[in-house]
Chemist: 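Following this message is one structure expressed as structure tokens.
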2 protein chains.
Amino acid sequence: MVPMTPRRSDALSRERIVEAAVRILDTKGEGGLTLRAVTAHLSTGRGAIYHHVTNKEELLAAAADDVIRAVVTGDSVRDLALGIFDAIDVHPWLGAQLARDPSQPAVLRIFKSVGVGLRTHGLAGTALSDAGAALVNYVLGAAAQHAAGARQAAGESAREDYLEALAAEWAGSDDDPLVQEAAALLPGHDDRAQFLAGVDIFLRGISG
Amino acid sequence: MVPMTPRRSDALSRERIVEAAVRILDTKGEGGLTLRAVTAHLSTGRGAIYHHVTNKEELLAAAADDVIRAVVTGDSVRDLALGIFDAIDVHPWLGAQLARDPSQPAVLRIFKSVGVGLRTHGLAGTALSDAGAALVNYVLGAAAQHAAGARQAAGESAREDYLEALAAEWAGSDDDPLVQEAAALLPGHDDRAQFLAGVDIFLRGISG
DNA sequence: ACCTGAACACCGTTCAAGT
DNA sequence: ACCTGAACACCGTTCAAGT
């Protein structure tokens with residue numbers, strides 16, 4: 001009898017390609033994800049990838065959805081938002097990727113979960129869609145900024161010094177007391193705590 | 001007498017380079033901004049750019065700041081937010097650029113204006129910096145999503161069809177009434193009106 | 001059907017050589 | 001000091017040729 005097609009465990013598949021992409025993105029960052037790096041990692045030929053994935057853009061979207069899928073399981077909107085923030089903290093490339101296209105699978109998945117979560121807050125109709133869009137946009141914006149900041153945190157203390165110097169420049173260059181205090185916005189905050197404070201402002205604005 | 005250095009009006013300068021970059025970005029989009037396109041537009045040699053700008057990243061940041069500078073003049077936070085949204089609507093490449101690096105000049109400029117604006121709402125200390133960060137992140141996130149959506153609006157009706165089909169798929173695949181209504185989040189909204197609704201949710205959350 | 005790897009048409013950046 | 005343009009070291013994607 002002829003056996004079923006053997007399906008060698010190392011056969012190329014969309015799943016294995018996406019898996020490799022996530023690993024490379026986590027290891028070398030966004031700039032490290034080249035088609036050449038992927039094919040080297042899978043020890044296959046250059047063009048083999050294109051039999052399973054249409055192009056690099058789709059590969060990035062698939063990698064993002066792979067990570068987000070595991071995260072949108074939280075019950076409350078607050079937990080959901082925090083889960084997304086933490087995922088982007090662990091995978092900084094996610095921040096830029098989610099901001100790139102609102103109709104990619106990962107963003108739609110987030111939209112769905114937020115929508116469901118907000119329904120339990122008693123929202124419906126326009127109020128629901130306005131609040132849902134606002135919360136999703138806040139989460140994606142905050143996470144993108146945090147990820148971009150963390151990415152260049154090679155010289156973390158250097159960045160802190162830079163922001164402090166800038167705050168001093170603002171305070172010094174303008175007598176307006178408003179500017180003086182606005183300068184305090186800049187340096188040294190716990191991004192995660194500040195992110196949660198923002199979520200709470202939104203939730204207060206929704207129920208208010 | 002020897003005249004002052006003549007300063008031919010077409011002499012290369014950082015200002016003219018940034019100006020050309022903005023024009024190219026507006027015309028051909030983010031993918032159209034190549035160093036080759038810039039040098040062709042200014043009819044100069046490849047490497048001449050590098051005497052006035054350190055690299056492409058800095059050129060993009062300078063282009064973004066050039067546009068934002070003209071926008072952060074509004075008085076109320078609401079007007080300021082709307083001005084940024086409209087600027088990104090006109091210059092879609094701005095959406096991705098502002099999300100790329102929180103310590104670039106344009107983002108810091110926005111932070112300063114929002115900080116000053118929120119002080120007039122009576123905020124100070126941690127409440128001010130939390131609210132400032134939240135508002136900036138929301139504005140940048142919403143604008144980035146809007147710009148990304150608008151960028152692929154070549155087939156605008158195609159995208160609308162896609163979202164409607166997806167909403168139908170959500171509604172059909174899940175009996176949960178929460179999902180049913182969450183599907184209504186997806187298609188057909190006025191992004192600008194929804195953006196403003198989000199700003200108002202946020203302002204309500206601050207004063208609440 | 002799936003895979004290979006050379007070839008193509010691009011990039012950003014550098015640098016010796018000119019003015 | 002500023003500019004030129006060829007050269008370098010990369011990209012993503014395609015495609016004839018193999019299995």
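Each chain gets a letter, A, B and so on, in the order the sequences are listed, and its residues count up from 1.
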Chemist: Tell me, for nucleotides 9-14 of chain C in 5' to 3' order, what letter each nucleotide earns: B for a base near a protein heavy atom under 4.0 Å, S for only sugar-phosphate near one, - for neither?
Modeler: --BBBB

Chemist: For A:Arg100, is there an ion pair with A:Glu30 - N to carboxylate O distance below 4.0 angstrom?
Modeler: yes

Chemist: Less than 4.0 angstrom from a charged side-chain N to a carboxylate O is my criterion; do A:Arg14 and A:Glu19 meet it?
Modeler: no

Chemist: Should A:His52 be listed as having a side-chain N or O under 4.0 Å from OP1 or OP2 of C:dC2?
Modeler: no

Chemist: With a 3.5 angstrom cut-off on both distances, give the Watson-Crick or G-U wobble partner of C:dC15, or none if there isn't one.
Modeler: D:dG5

Chemist: Where is the tightest heavy-atom contact between B:Ile201 and A:Ala131, given as atom of each residue plus distance?
Modeler: CD1-CA, 3.8 Å

Chemist: Parallel under 30°, tilted from 30 to 60°, perpendicular over 60°: which one fits the rings of A:Phe85 and A:Phe195?
Modeler: parallel

Chemist: Between the side chains of B:Asp65 and B:Arg109, is the shortest nitrogen-to-carboxylate-oxygen separation below 4.0 Å, so that they form an ion pair?
Modeler: yes

Chemist: Rounded to whole Å, please give me the gap between NE2 in A:His51 and C1' in C:dG5.
Modeler: 13 Å

